[in-house]
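Working notes, structure below.
Atom set for the values below is all heavy atoms of this structure, side chains included, hydrogens, waters and symmetry mates excluded. Just so it is clear, the structure is predicted and the values come from calculations on it, not from any experiment.
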Amino acid sequence: MGASVAQADESRPDFRHRIVEHGAHRLWMVFLGFCLLCIGMFFLLPVGGRGQAWTDTGLSIAALLAVASGIWLNRPRRPAAWYLLAAGLASYSVANYIFFTVPPFPSPADFFFFLSYALFLVAFILFIRDRTGGEDRAGLIDALIVTAAVAVPAWVFLMAPYVRLSEISLPARLVSMGYPVVDLLLLAVLVRLLLTPGGRPLSHLFLGLAMMGQLTADTGYGLHALAGTWQYGSPFTAGWMLTFTFLGTAALHPSMRQLSEPAGEAGETATRGRLALLAGAALIPPIVLAIPSIGVADTSVIGGISGVLFLLVLSRVAGLMRDVNEYRRMEKMKDEFVSVVSHELRTPLTSIRGALGLVAGGVLGPLPEKAQRMIDIAASNSDRLVRLINDILDIEKMESGKVMMQKQDCNAADLMRQASEEMTAMGRDAGVTLSVEPLDAPLHADPDRVVQTLTNLISNAIKFSPSGGSVDVGAVRRGPDVLFQVRDSGRGIPQDQLENVFGRFQQVDASDSREKGGTGLGLAICRSIVRQHGGEIWIQSEGAGKGSTFFFTLPASTKRIERVTRPASTNGPLLLVCDDDPSVLEVVSELLEQRDYRVITATSAEEAVAKAATDGPAAILLDLLMPGTNGWQAATLLEGARRNQGHTDRDPERPVSRRSRAG
């Protein structure tokens with residue numbers, strides 16, 4: 001019986017859990033609204049009256065209760081900093097009470113004020129340590145640079161006047177100068193907290209607003225006190241009340257737990273903001289020195305502070321140089337590692353691919369259907385891996401400057417035709433129409449690299465165009481350049497990803513690398529090639545379903561390229577070349593024609609058998625790895641056709657040469 005009662009008690013949610021489950025996440029909004037309402041009422045009360053004094057003190061006590069409640073409700077992993085903030089608010093409440101009841105200055109109130117500032121400082125230092133692990137030396141130097149720069153006007157307008165003020169006692173002067181000093185320390189930890197990398201939870205923002213309110217109120221009070229115009233209840237008083245408001249709101253907000261977690265990496269926007277902050281800080285000392293009323297004594301102090309600022313900046317620059325050198329060293333190690341690994345992988349992969357090609361082609365005899373399918377999958381994936389390694393080696397060599405462009409005068413039309421002929425078979429297999437409008441324009445470029453760029457762009461366009469779609473390739477003259485364009489009819493690219501597609505291993509959709517194939521390096525290689533030619537590359541897309549257009553420019557040549565066509569031989573032996581790759585047919589045909597052979601071509605085994613029957617070639621050159629009916633099957637068909645025509649195996653006519661691209 002007792003055990004069952006104990007179990008029932010354990011299963012019943014406690015008071016804290018009931019609060020958390022029923023709207024604790026909204027308490028910060030209730031507290032924030034309540035405090036802002038109190039601040040509004042503060043300025044409706046008689047200026048300097050007891051009503052304002054009790055409202056101010058009441059807000060500090062409410063903030064203390066809010067911080068304690070936030071610790072209890074949100075349970076931060078490292079609550080020490082929040083405990084210190086609560087202690088600081090308690091000390092501030094005591095200081096406020098003494099300040100309103102014991103008018104003389106200085107008084108015990110100042111002791112409790114300084115104590116609260118010290119507790120706030122230690123709390124913020126703990127927040128910074130938790131977010132950075134205490135290893136962000138650059139952030140510390142940046143915070144000191146900003147603080148040293150702000151120390152210049154703080155000395156001129158808040159501290160130096162008290163040094164020269166002989167009407168008050170020495171303790172009063174020291175206490176008056178102490179407030180700007182602790183404010184500078186608060187500014188240092190505030191800037192340091194704001195410069196921590198990673199995300200900015202709302203509690204982080206509220207803490208920053210709290211300290212800004214404190215610094216604004218203290219500065220306004222100091223300036224008015226020196227001028228003898230301070231009156232409690234002025235607009236600057238709201239700064240202190242906003243400090244209490246935002247400290248309590250930060251503690252009640254659920255994101256307060258994230259302040260004790262390590263921060264992530266700084267983004268590009270955060271880096272730009274830091275540079276802007278440092279640039280603004282560097283302008284403060286010369287602006288203050290330009291004020292005509294600055295005395296010689298002030299100038300010497302400003303010079304000393306500026307010297308410290310110079311040393312801090314020098315230390316920061318030295319750290320940046322050290323980081324750059326380390327980055328370069330790591331980049332060199334990475335490049336060497338990638339190069340060595342890629343070279344070591346490429347040799348065995350070539351052997352593996354060749355062996356798989358021979359087995360898939362039937363050299364070792366027919367395979368069961370399931371085994372043939374597995375071999376085809378292995379061969380396809382080994383092809384993809386070889387392309388990936390080749391692409392990695394290409395882009396690493398290009399970007400490291402190890403590959404020099406072999407520039408020469410060439411014709412844009414020839415390069416466009418060559419690239420389109422290489423991609424015709426891919427377009428035909430995908431059901432995509434490839435349309436090319438060559439531009440007869442001279443270029444000064446590396447022909448092989450230009451063709452590589454065009455084939456990469458055309459291949460990319462074909463892969464992302466639907467069956468029945470089209471890819472258009474064209475070029476126009478644009479001033480001293482030739483502007484190439486490759487337009488597809490695919491799904492398009494979102495505007496926020498137009499630049500990202502040129503990065504390494506970047507895909508608009510993460511599944512594209514699996515569904516579409518490719519290595520994710522093609523566009524990065526294109527950009528590297530174009531930039532090394534002094535050109536530009538970019539992309540335009542009107543949105544989803546409207547396709548994309550890639551543009552790139554290359555410098556035109558001032559020379560006119562004469563195109564010479566070699567007449568085909570009419571007397572040499574007739575050869576039949578069969579290959580499904582039009583670029584292979586063109587290259588092999590050109591080589592044979594230069595040796596006075598007559599050449600006819602076929603892109604499939606069936607076409608080769610038909611032409612062999614009608615034209616009677618002296619020899620036939622076959623590709624073993626054609627899709628559909630492969631070279632081995634085609635050779636069998638040709639041998640059968642010869643026997644049907646009355647030829648014997650000893651007949652020397654029409655020998656068949658079998659060629660494997662894997663070999």
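The two residues R75 and R257 have their closest heavy-atom pair at O-CD, 4.0 Å. Contact detail for K407 and Q532: the closest heavy-atom pair is NZ-O, 3.5 Å. Heavy atoms only, all atoms of each residue included: D481 and P555 are closest at OD1-CA, 3.6 Å. Closest approach of A445 to C410, counting heavy atoms only: O-SG, 4.0 Å.
Checked by atom type and distance alone, the side chain of S589 never pairs as donor or acceptor with a backbone atom of V599 at under 3.5 Å. At distances below 3.5 Å, at least one donor-acceptor pair connects side-chain atoms of S489 with backbone N or O atoms of S470. In this structure, the side chain of T614 engages the main chain of A610 through a donor-acceptor pair within 3.5 Å. With S465 contributing its side chain and I462 its backbone, the two residues share no donor-acceptor pair below 3.5 Å. Here the side chain of S203 pairs a donor or acceptor atom with the backbone of S255 at under 3.5 angstrom. Side-chain atoms of D488 come within 3.5 Å of backbone N or O of S548 as a donor-acceptor pair.
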Exercise for review: Verify side chain to side chain contact (heavy atoms under 4.5 Å, CB included) between F551 and I539, making sure each step is shown before the conclusion.
Suggested key: CA-CA 6 Å; F551 299 90; I539 182 175; over 6 Å; no
Exercise for review: Applying side chain to side chain contact (heavy atoms under 4.5 Å, CB included), run through L202 and L205 and close with a yes or a no.
Suggested key: CA-CA 5 Å; L202 272 178; L205 173 65; 4.0 Å; yes
Practice item. May I have the step-by-step check of side chain to side chain contact (heavy atoms under 4.5 Å, CB included) for V530 and R527, ending in yes or no? Key: CA-CA 5 Å; V530 171; R527 180 169 63 176; 5.9 Å; no
Check your understanding: side chain to side chain contact (heavy atoms under 4.5 Å, CB included) between L621 and L575: does it pass, once the steps are laid out?
Key -> CA-CA 8 Å; L621 181 64; L575 303 181; over 6 Å; no
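Side-chain contact between S541 and T549 is absent, with no heavy atoms from C-beta onward closer than 4.5 Å. At least one side-chain heavy atom of V436 sits less than 4.5 Å from a side-chain heavy atom of L434. The shortest side-chain heavy-atom distance between N460 and F550 falls under the 4.5 Å cut-off. Inter-residue side-chain proximity for L367 and I375 is flagged as met; some heavy-atom pair is nearer than 4.5 Å. Contact of the D446 side chain with the Q408 side chain is not registered, since no non-hydrogen atoms from C-beta on lie closer than 4.5 Å. Side-chain contact between L439 and V482: present, with at least one pair of heavy atoms (C-beta onward) separated by less than 4.5 Å. A heavy-atom distance below 4.5 Å is not found between the side chains of V471 and T433. Contact annotation: the side chain of F484 approaches that of L454 to within less than 4.5 Å [non-hydrogen atoms, C-beta and beyond].
For the atom pair CZ (R531) and CD1 (I529), the distance works out to 12.5 Å, reported to the nearest 0.5 Å.
Atom CD of E606 has more than 12 heavy atoms from other residues, nucleotides or ligands within 6.0 Å. Counting heavy-atom neighbours within 6.0 Å of R77 CZ, excluding the residue itself, gives a total above 12. By the 6.0 Å contact criterion, CD on E369 is open, its count of non-hydrogen atoms from other residues, nucleotides or ligands being 12 or less.
Judged by distance alone, the side chains of T603 and E607 do bring a donor and an acceptor atom under 3.5 Å apart. Using modelled atom types, one finds a donor on one side chain and an acceptor on the other under 3.5 Å when comparing Q372 with D376.
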